[in-house]
Amino acid sequence: MLGVLSAVGAAIRPLGAGTAGIETVFFLLVLAGRVFGAGFGFVLGATTLFGSALITGGVGPWLPYQMIGAAIVGLGAGLLPPARGRAEIALLTVYGLLAGLLYGVLMNLSFWPFGLGAHTSLSFVAGDPIGANLHRFFVFSFTTAFGWDLVRGLTNAVLIVVAGPAVLATLRRAARKAAFG
């Protein structure tokens, strides 16, 4: 199941290609993490991003950060509280929106301390209080990436609302038939 879902996720990721923040892969991580659990979601997030990078030639120093960020998205879906029906879809929709924003923040954090250079108003300053550096980081994230992150979150939310019930039912049926505990 992990291999199949990793391959499906790797195949659908280029469909959005990150254009204007549209990322089609994260809704699958959220739904599969929900059905199969936190550990499965974590591994699925990492393997999906790795497979996608191999397919698209996106292997670089940023890939481990992307893999960890996607793994955290899948992990979080598996840790959500129990719910069924419309309440579950609402819970997953909100989580998908927030996960899209969180993934963007994690990606910004991966390069922000090193990427801007010294002496800019938004750069990391060694020795400054943590509050001052966090303020600069969140201003940097908001001004440079919030639009993309918001579109990623909204894409997750829309895909979960539209396809979520059918995908959840399919994944649950596959788990029952294959006797995944």
Side-chain angles (χ1 to χ4, degrees), residues 1-80 88-89 91-112 115 141 144-175 178 180:
M1 188 56 73
L2 179 63
V4 169
L5 288 175
S6 294
V8 169
I12 65 173
R13 186 168 183 227
L15 296 178
T19 305
I22 297 171
E23 293 274 355
T24 53
V25 71
F26 291 100
F27 93 99
L28 182 61
L29 299 178
V30 170
L31 298 176
R34 175 67 175 179
V35 171
F36 295 112
F40 186 94
F42 185 86
V43 176
L44 179 63
T47 57
T48 298
L49 270 283
F50 181 73
S52 172
L54 293 178
I55 289 171
T56 62
V59 178
W62 54 84
L63 180 58
Y65 297 106
Q66 291 177 333
M67 290 170 60
I68 290 169
I72 290 170
V73 169
L75 173 87
L79 295 175
L80 292 172
E88 182 179 36
I89 295 299
L91 177 68
L92 292 172
T93 300
V94 170
Y95 176 75
L97 177 66
L98 295 175
L101 296 171
L102 173 67
Y103 180 81
V105 169
L106 290 174
M107 291 305 96
N108 289 341
L109 189 58
S110 71
F111 73 88
W112 169 75
S141 288
T144 61
F146 181 72
W148 290 74
D149 299 342
L150 183 62
V151 172
R152 181 185 306 110
L154 291 172
T155 301
N156 291 343
V158 168
L159 288 174
I160 289 168
V161 166
V162 172
V167 173
L168 284 172
T170 302
L171 292 175
R172 286 190 173 122
R173 182 175 190 277
F180 296 129

F146 and L101: CA distance, side-chain angles, deciding distance, side chain to side chain contact (heavy atoms under 4.5 Å, CB included) verdict: CA-CA 8 Å; F146 181 72; L101 296 171; 3.9 Å; yes
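- In terms of modelled atom types and a separation under 3.5 Å, the side chain of T24 and the main chain of I12 share a donor-acceptor contact.
- Distance CZ/F42 to OG1/T47: 10.5 Å, rounded to 0.5 Å.
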Quick one, Q66 with Y103, criterion side chain to side chain contact (heavy atoms under 4.5 Å, CB included). Give me CA distance, side-chain angles, the key distance, then yes/no. CA-CA 8 Å; Q66 291 177 333; Y103 180 81; 3.4 Å; yes
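- Distance check, rounded to the nearest 0.5 Å: CG of L92 to CD1 of I160 gives 5.5 Å.
- Between atom CD1 of residue I55 and atom CZ of residue R13 there is a gap of 10.5 Å, rounded to the nearest 0.5 Å.
- For the side chain to side chain contact (heavy atoms under 4.5 Å, CB included) with Y95, the lone residue among L102, V30, N156 that qualifies is V30.
- A distance of 10.0 Å separates CG in L28 from CG in L159, rounded to the nearest 0.5 Å.
- The nearest pair of heavy atoms linking A38 to L79 is CB-CD2, 3.7 Å.
- Residue G45 comes nearest to A70 through the heavy atom pair O-CB, 3.5 Å, listed as atom of the first residue, atom of the second, then distance.
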Is there a side chain to side chain contact (heavy atoms under 4.5 Å, CB included) between L44 and S6? Walk through the geometry before answering. CA-CA 6 Å; L44 179 63; S6 294; 3.5 Å; yes
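- Between L154 and I22, the closest side-chain pair of non-hydrogen atoms is not below 4.5 Å.
- For F50, the CZ atom counts as loosely surrounded, since its 6.0 Å shell holds 12 or fewer non-hydrogen atoms of other residues, nucleotides or ligands.
- Residues G51 and A10 share a closest heavy-atom pair of C-CB, 3.7 Å.
- W62 contributes a side-chain N or O that, together with a main-chain N or O of G58, makes up a donor-acceptor pair within less than 3.5 Å.
- In this structure, CG in L63 is found 9.5 Å from CD1 in I68, a value given to the nearest 0.5 Å.
- With values rounded to the nearest 0.5 angstrom, M107 atom CE is found 9.5 Å from Y65 atom OH.
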Determine, step by step, whether L2 and F36 satisfy the side chain to side chain contact (heavy atoms under 4.5 Å, CB included) criterion, reporting the C-alpha distance in whole Å, the side-chain angles of both residues, the deciding distance to 0.1 Å, and the verdict. CA-CA 10 Å; L2 179 63; F36 295 112; over 6 Å; no
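- Not counting sequence neighbours, the partners of E88 by the side chain to side chain donor-acceptor pair (under 3.5 Å) test are R34, R172.
- Contact annotation: the side chain of L29 approaches that of T48 to within less than 4.5 Å [non-hydrogen atoms, C-beta and beyond].
- Across G100 and R152, no two heavy atoms sit closer than the pair O-NH1, 3.0 Å.
- Closest heavy-atom contact between N108 and A145: ND2-CB, 3.5 Å.
- When every heavy atom of V167 is checked against every heavy atom of F27, the shortest pair comes out as CG2-CE1, 4.4 Å.
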